[in-house]
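Take a look at the structure below.
Ligands are counted one by one from 1 in listed order, and the atoms in each one are counted from 1 as well. Computed from a predicted model, the values in this text were never measured in an experiment.
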Amino acid sequence: SDHQLEYPMSPEDMDWTPFFPAYKTDPEELPEATASNDAQIEQRQQSSMRQDVEILDIGCGFGGLLVALAPKLPDKLVLGMEIRTQVTEFVQERIRSLRAQHQDSNEFQNVSCIRANTMKFLPNFFKKGQLSKIFICFPDPHFKARKHKARIVSTTLNSEYALVLRPGGIVYTITDVEDLHNWMVHHLELHPAFERVSEGEQESDECVKIMTTETEEGKKVERNKGQKFVALFRRLEDPPW
Ligand code: SAM
């Protein structure tokens with residue numbers, strides 16, 4: 001259950017500095033406090049970041065994708081969201097120790113993990129158009145029809161993904177469950193804000209290779225000689241009307 005989970009009131013209220021301490025704005029760069037600054041503005045300045053999160057891994061599990069992506073996208077902030085407390089703590093510890101091992105190169109400062117239910121309040125965390133990539137890797141299949149509403153791809157959630165993704169941004173999906181693959185393709189194809197990415201473009205995308213081989217669930221599927229179904233969707237420009 002997730003009733004103890006805390007959500008920011010809005011993206012402006014989210015303090016990312018504990019997650020990405022190396023990206024905290026240097027106090028010298030902040031505008032001078034003026035008499036008109038109220039406490040809230042001051043607090044936001046204290047927690048201001050040089051850069052926003054741009055890459056999101058939904059249901060990141062043990063973080064295999066995160067730690068593989070971060071060094072490949074060194075100028076982007078990569079975030080995993082995971083609902084299980086212990087799994088989130090495991091990933092946070094994994095990142096802490098990678099940061100410590102790579103202190104000289106500053107690698108892994110650009111990756112972090114937060115405990116959250118991504119089916120709730122995603123737009124409270126991210127501004128409209130903030131993200132360029134959302135990964136949905138091996139989501140729980142929820143086989144039974146009455147559980148389908150628990151699936152992480154649905155008409156309602158796709159509208160939230162469309163909101164936080166910038167035009168041209170990509171939703172990456174992968175699963176070993178063919179029925180779930182068809183479900184995700186169907187719901188994303190139906191959505192007016194998305195178009196499917198061609199197979200050629202999909203194959204040349206380095207992130208597809210990484211998401212196919214680097215997640216813990218993907219490795220398990222590999223060991224069991226299972227199939228993997230991939231589909232990518234591009235966030236379209238907002239229509240002019
Ligand atoms: N993506 C990882 C991988 O490929 O190895 C993990 C896949 S695992 C089958 C699905 C993960 O999604 C689990 O770790 C689960 O706790 C997480 N999850 C399920 N529902 C979620 C939600 N609403 N918000 C955040 N995480 C969720």
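The shortest contact between atom 23 (N) of ligand 1 and any protein heavy atom is with Asn117 OD1, 2.7 Å. Looking from atom 12 (O) of ligand 1 to the surrounding protein, the closest heavy atom is Gly59 CA, 3.4 Å. The shortest contact between atom 18 (N) of ligand 1 and any protein heavy atom is with Ile83 CG2, 3.8 Å. The nearest protein atom to atom 5 (O) of ligand 1, hydrogens excluded, is given as Glu217 N, 2.9 Å; this is a heavy-atom distance. Protein heavy atom in closest approach to atom 19 (C) of ligand 1: Asp140 OD2, 3.4 Å. For atom 8 (S) of ligand 1, the closest non-hydrogen atom on the protein side is Phe138 O, 3.7 Å. The protein heavy-atom contact nearest to atom 17 (C) of ligand 1 is Glu82 OE1, 3.3 Å. Ranking the protein heavy atoms by distance from atom 25 (C) of ligand 1 puts Ala116 O, 3.2 Å first.
Applying the 4.0 Å criterion to heavy atoms of Glu216 picks out, from ligand 1, the atoms 5 (O).
Looking at His181, its side chain never comes within 3.5 Å of a backbone N or O of Ile174 through a donor-acceptor pair.
Residue Cys137 has at least one nitrogen or oxygen atom sitting less than 3.5 Å from a nitrogen or oxygen atom of ligand 1, judged on distance alone.
Asp140 has no carboxylate O lying under 4.0 Å from a charged side-chain N of Lys147, or vice versa, which leaves the two without a salt bridge. With salt bridges taken as basic N to acidic carboxylate O contacts below 4.0 Å, one links Glu217 and Lys220.
Scanning for salt bridge (charged side-chain N to carboxylate O under 4.0 Å, His left out) contacts around Lys24 gives an empty result, with sequence neighbours left out.
Between the CZ atom in Arg223 and the NZ atom in Lys225 there is a gap of 10.5 Å [rounded to 0.5 Å].
Using modelled atom types and a 3.5 Å distance limit, the side chains of Ser10 and Asp13 yield a donor-acceptor pair.
Among pairs with a residue in residues 56-76, those fulfilling salt bridge (charged side-chain N to carboxylate O under 4.0 Å, His left out) read Glu54-Lys76, Lys72-Glu206, at least two apart in sequence or across chains.
Looking at Leu157, Ile152, Leu122, Thr118, it is Thr118 that brings a heavy atom closest to atom 24 (N) of ligand 1.
Aromatic ring orientation, His187 versus Trp183: tilted (interplanar angle from 30° to 60°).
Within the 4.0 Å heavy-atom cutoff, Cys60 counts among the residues contacting ligand 1.
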